[in-house]
Amino acid sequence: MNVTSSQAQTPNAEHSPLALLRDLVGRSAAATVGEGEPPAVRVERPKRADQGDYATNAAMLLAPRAGRPPRELAGTVASELAELMGGDLERHEIAGPGFINLFLSDGWHRGGLRTVLAAGERYGSGGASSPRRVLVEFVSANPTGPLVAASGRHAAYGDSLSRILEHHGHTVWREYYFNDAGGQIRLLGESVRARACGEEVPEGGYQGEYVRDLAERIEGSASLDADELAGRAIALLLREIEGTLERYGVHYDAYFSERTLHAGSPSYVERAFEVVAAGGHTYESDGALWLRTTSFGDDKDRVLRRSDGRVTYFAADLAYLLQKRERGVELQLLPVGSDHHGYVARMKAAFAALGGDPDDLEMPLIQFVHLVEGSERAAMSKRRGDFVTLDELLDEVGVDATRFFMLQRSHDRTVDLDLELARRESPENPVYYVQYAHARIVSMLGRLGPERLAAALAPGADWGSDPLDAAERELIKALLAFPDEVAEAAERRAPHRIVAYSLALAQQFTAFYRDCRVVGATPAEVESFRIALSEAARRTIATALRLLGVGAPDSM
RNA sequence: GCCCCCGUAGCUCAGCUGGAUAGAGCGACGGCCUUCUAAGCCGUGGGUCGCAGGUUCGAGUCCUGCCGGGGGCGCCA
């Protein structure tokens with residue numbers, strides 16, 4: 001029974017005071033209307049401080065069901081809740097169309113902080129109601145050149161999403177799939193061979209300077225044939241790509257070779273053909289083998305094997321989908337560039353033809369990053385060779401700022417990255433604001449002895465009972481929002497929400513730091529409480545940054 | 001022609017799948033360092049949420065149609 005809400009999944013109530021609160025509101029609402037499922041109430045922060053610590057729409061949701069006006073129901077819900085919460089609920093108001101504004105006690109806030117500290121590293125984790133085995137395949141740029149800057153968005157997105165899903169409670173594999181067979185690879189081999197022999201690259205070939213480098217670095221390149229050169233070039237380029245990604249903080253469980261799908265007898269490609277044929281989803285026409293993807297919503301059928309016997313890339317994609325499913329992957333996430341959106345229907349159809357549920361294959365579309373140099377657009381064509389590589393971008397802007405920038409915007413929006421600005425103003429990037437807050441806390445708490453810190457953080461530490469400062473209450477509420485934010489980011493596949501959260505949390509800490517003296521505060525119980533609050537903020541900032549793959553430095 | 005994404009402050013963008021008087025950063029203007037890090041803080045100015053309808057107690061959010069920007073539609077990837 002889902003007693004809580006439509007606000008994503010409910011994180012473990014024991015680690016989330018907010019989830020607990022939602023639970024209580026839901027029960028109060030259910031009690032108000034008698035029998036039936038508790039409604040999926042919302043409990044959220046109102047915009048204005050005088051509207052309470054939290055507000056709920058429970059009564060408005062019940063109104064249609066109960067056939068009574070929301071404000072009337074609100075009174076009953078609120079008194080039910082008051083009974084359940086005792087002194088934690090200081091007072092409540094019924095406002096506007098039927099909101100119940102909740103004013104929570106200082107004791108509730110202090111208890112919330114204890115919960116955060118008790119959860120430790122696990123704070124905000126484990127909210128997935130049904131943990132799944134998830135595979136995220138991302139970047140997967142063909143090793144026909146260095147990674148371009150735009151790949152930095154895919155890499156940051158896929159990696160951060162993986163981290164968030166793991167924190168949320170899923171089991172996650174990260175894979176990079178690369179083509180090392182087929183036409184583009186042959187073309188690469190021919191391009192290298194041409195350069196090795198001092199010739200012009202063939203029509204449509206790869207013209208970048210790196211192709212000459214490859215020709216030089218491969219020993220005896222002039223005397224090797226194109227196939228051999230392609231193989232050597234791919235190995236070199238893949239190693240470089242991996243190096244760039246590692247530098248960027250992106251670690252894969254596997255770099256998956258397309259070629260392995262064609263190997264063995266029967267190969268995965270052949271097995272995949274058998275599976276879809278057994279389902280009656282294939283047919284021969286004009287000498288080619290087709291997959292009837294139109295049965296599953298695609299707008300035309302797709303070729304698996306051409307009339308000349310060669311299989312298509314799509315056939316390999318089909319085989320890879322099968323291979324992943326047979327390994328026990330329950331959810332496949334495949335973020336791709338928005339220019340690949342035409343693939344979504346056929347991939348989902350392929351997955352369905354293999355017997356899968358199309359909902360278990362998701363392909364978030366990632367919009368482009370345009371590199372702008374002042375007012376000019378920097379082009380990024382690999383074949384023409386006039387691109388900015390990810391490595392060059394990292395040299396200019398740095399890993400943390402690049403990741404933060406790439407993740408800051410929702411993935412379905414195009415972004416312009418002004419290199420001039422990034423270079424000049426990188427110290428003013430918001431990422432430093434968040435990191436600065438973290439470093440500041442480390443520095444501040446570093447003034448204390450370890451035993452003082454431990455005493456303040458101890459589960460039974462005396463934090464006194466003085467009225468809390470507004471900034472203290474706000475900071476606690478910012479901390480309590482974290483589990484919901486993780487859940488939201490995970491379920492909407494939206495790492496950018498963690499970026500926004502990290503900024504908001506850093507801002508709340510800074511306001512607290514401005515208003516409340518920590519080290520040396522009197523009496524000692526207040527100092528203890530503020531130490532604990534600062535440490536909880538530090539840990540949560542560090543966790544949020546970790547989910548983004550951004551460092552949390554001790555000093556700046 | 002069909003399909004996908006977007007249109008919110010001067011600029012770049014959030015807006016928690018329908019809630020109360022729409023927010024942040026940057027830029028502009030004016031202030032703040034003998035006091036736990038000034039990569040910081042405080043204040044001011046800035047909006048017909050592209051346009052027009054619709055759904056309802058309530059729409060930046062959902063539906064329809066336009067307008068504008070970006071991208072995609074092959075036995076290429």
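Computation of the quantities below employed the complete heavy-atom set of this structure, encompassing side-chain atoms and omitting hydrogens, waters and symmetry-equivalent molecules. Numbered from 1 within each chain, the chains take letters A, B, ... in sequence-line order.
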Euclidean distance for [atom1], [N] against [M] (whole angstrom):
| N | M | atom1 | result |
| --- | --- | --- | --- |
| B/G46 | B/C51 | C1' | 23 Å |
| B/G30 | B/C36 | P | 28 Å |
| B/C33 | B/G40 | C1' | 10 Å |
| B/U61 | B/U8 | P | 13 Å |
| B/U56 | B/G15 | P | 28 Å |
| B/G74 | B/C4 | P | 16 Å |
| B/G23 | B/C49 | P | 14 Å |

When you measure only distances, ignoring hydrogens and angles, does the side chain of A/Asp339 come within 3.5 Å of the base of B/A77 through a donor and an acceptor?
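No pair found.
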Do A/Tyr501 and B/A14 have a side chain to base donor-acceptor pair shorter than 3.5 Å?
no
Whether [X] contacts [N] is assessed here as follows: a side-chain N or O lying under 4.0 Å from the phosphate OP1 or OP2. Is that the case?
| X | N | value |
| --- | --- | --- |
| A/His496 | B/G15 | yes |
| A/Arg514 | B/C42 | yes |
| A/Lys47 | B/G19 | no |
| A/Arg440 | B/A38 | yes |

Centroid separation A/Phe178 to A/Phe256 less than 6.0 Å
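No.
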Below 6.0 angstrom between ring centroids: does that apply to A/Tyr157 and A/His411?
yes
Would you kindly give the [atom1]-to-[atom2] distance between [X] and [N], to the nearest whole Å?
| X | N | atom1 | atom2 | result |
| --- | --- | --- | --- | --- |
| A/His438 | B/A39 | NE2 | C1' | 16 Å |
| A/Tyr432 | B/A39 | OH | C1' | 9 Å |
| A/Gln508 | B/A24 | CD | P | 12 Å |
| A/Phe368 | B/C4 | CZ | P | 17 Å |
| A/Arg409 | B/C6 | CZ | P | 16 Å |
| A/Asp298 | B/C4 | CG | C1' | 14 Å |
| A/Leu503 | B/C26 | CG | C1' | 13 Å |
| A/Arg413 | B/C5 | CZ | P | 13 Å |

So which one's nearest nucleotide on RNA chain B is more toward 5', A/Val303 or A/Asp50?
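The residue closer to the strand's 5' end, by nearest nucleotide, is A/Asp50.
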Given that A/Gln408 and A/Ala439 both sit by RNA chain B, which one's nearest nucleotide is further toward the 5' end?
A/Gln408
Closest approach to the side chain of [X], judged atom by atom: which nucleotide of [options] is it?
| X | options | answer |
| --- | --- | --- |
| A/Val519 | B/C36, B/G74, B/G15 | B/C36 |
| A/Val415 | B/C13, B/A20, B/C41 | B/C13 |
| A/Asp286 | B/C36, B/G19, B/C75 | B/C75 |
| A/Pro97 | B/C75, B/C57, B/A39 | B/C57 |
| A/His370 | B/U12, B/C4, B/G70 | B/G70 |
| A/Gln367 | B/C76, B/C5, B/C36 | B/C5 |
| A/Asp412 | B/A20, B/A39, B/C6 | B/C6 |
| A/Gln507 | B/G25, B/A38, B/C5 | B/G25 |
| A/Pro430 | B/G74, B/G25, B/C5 | B/G25 |
| A/Arg42 | B/C42, B/C4, B/U17 | B/U17 |

Looking at [Y], I'd like to know if the NZ or CZ of [X] sits under 6.0 Å from its six-membered ring centre while staying within 45 degrees of the ring's axis.
| X | Y | result |
| --- | --- | --- |
| A/Arg539 | A/Tyr123 | no |
| A/Arg91 | A/Phe103 | yes |
| A/Arg305 | A/Phe273 | no |

Are the side chains of A/Asp53 and A/Leu102 in contact, using a 4.5 Å heavy-atom criterion?
no
Do A/Phe368 and A/Arg153 touch side chain to side chain, with heavy atoms closer than 4.5 Å?
no
Do you see a donor-acceptor pair shorter than 3.5 Å between the side chains of A/Tyr54 and A/Asn101?
no
Using a heavy-atom cut-off of 4.0 Å across all strands, would you classify [X] as base, sugar-phosphate, or nothing?
| X | answer |
| --- | --- |
| A/Arg517 | base |
| A/Asp299 | nothing |
| A/Ala345 | nothing |
| A/Arg492 | sugar-phosphate |
| A/Arg302 | sugar-phosphate |
| A/Ala63 | nothing |
| A/Ala55 | base |
| A/Tyr343 | base |
| A/Asp554 | base |
| A/His340 | nothing |
| A/Val499 | nothing |
| A/Ser555 | base |
| A/Phe99 | base |
| A/Arg447 | sugar-phosphate |

Find the partner of [N]: check Watson-Crick (N1-N3 plus N6-O4 or O6-N4) and G-U wobble (N1-O2, O6-N3) distances, both under 3.5 Å, and reply none if neither fits.
| N | result |
| --- | --- |
| B/G74 | none |
| B/G68 | B/C6 |
| B/A38 | none |
| B/A59 | none |

Once the angle between the rings of A/His281 and A/Phe296 is folded into 0 to 90°, is it parallel (under 30°), tilted (30 to 60°) or perpendicular (over 60°)?
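Rings of A/His281 and A/Phe296: perpendicular, over 60°.
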Measure up the A/Tyr513 and A/Phe509 rings against each other and bin them: parallel (under 30°), tilted (30 to 60°), perpendicular (over 60°).
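Answer is tilted, since the angle falls between 30° and 60°.
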Is the base of B/C33 syn or anti, if syn means a glycosidic angle within 90° of 0?
syn
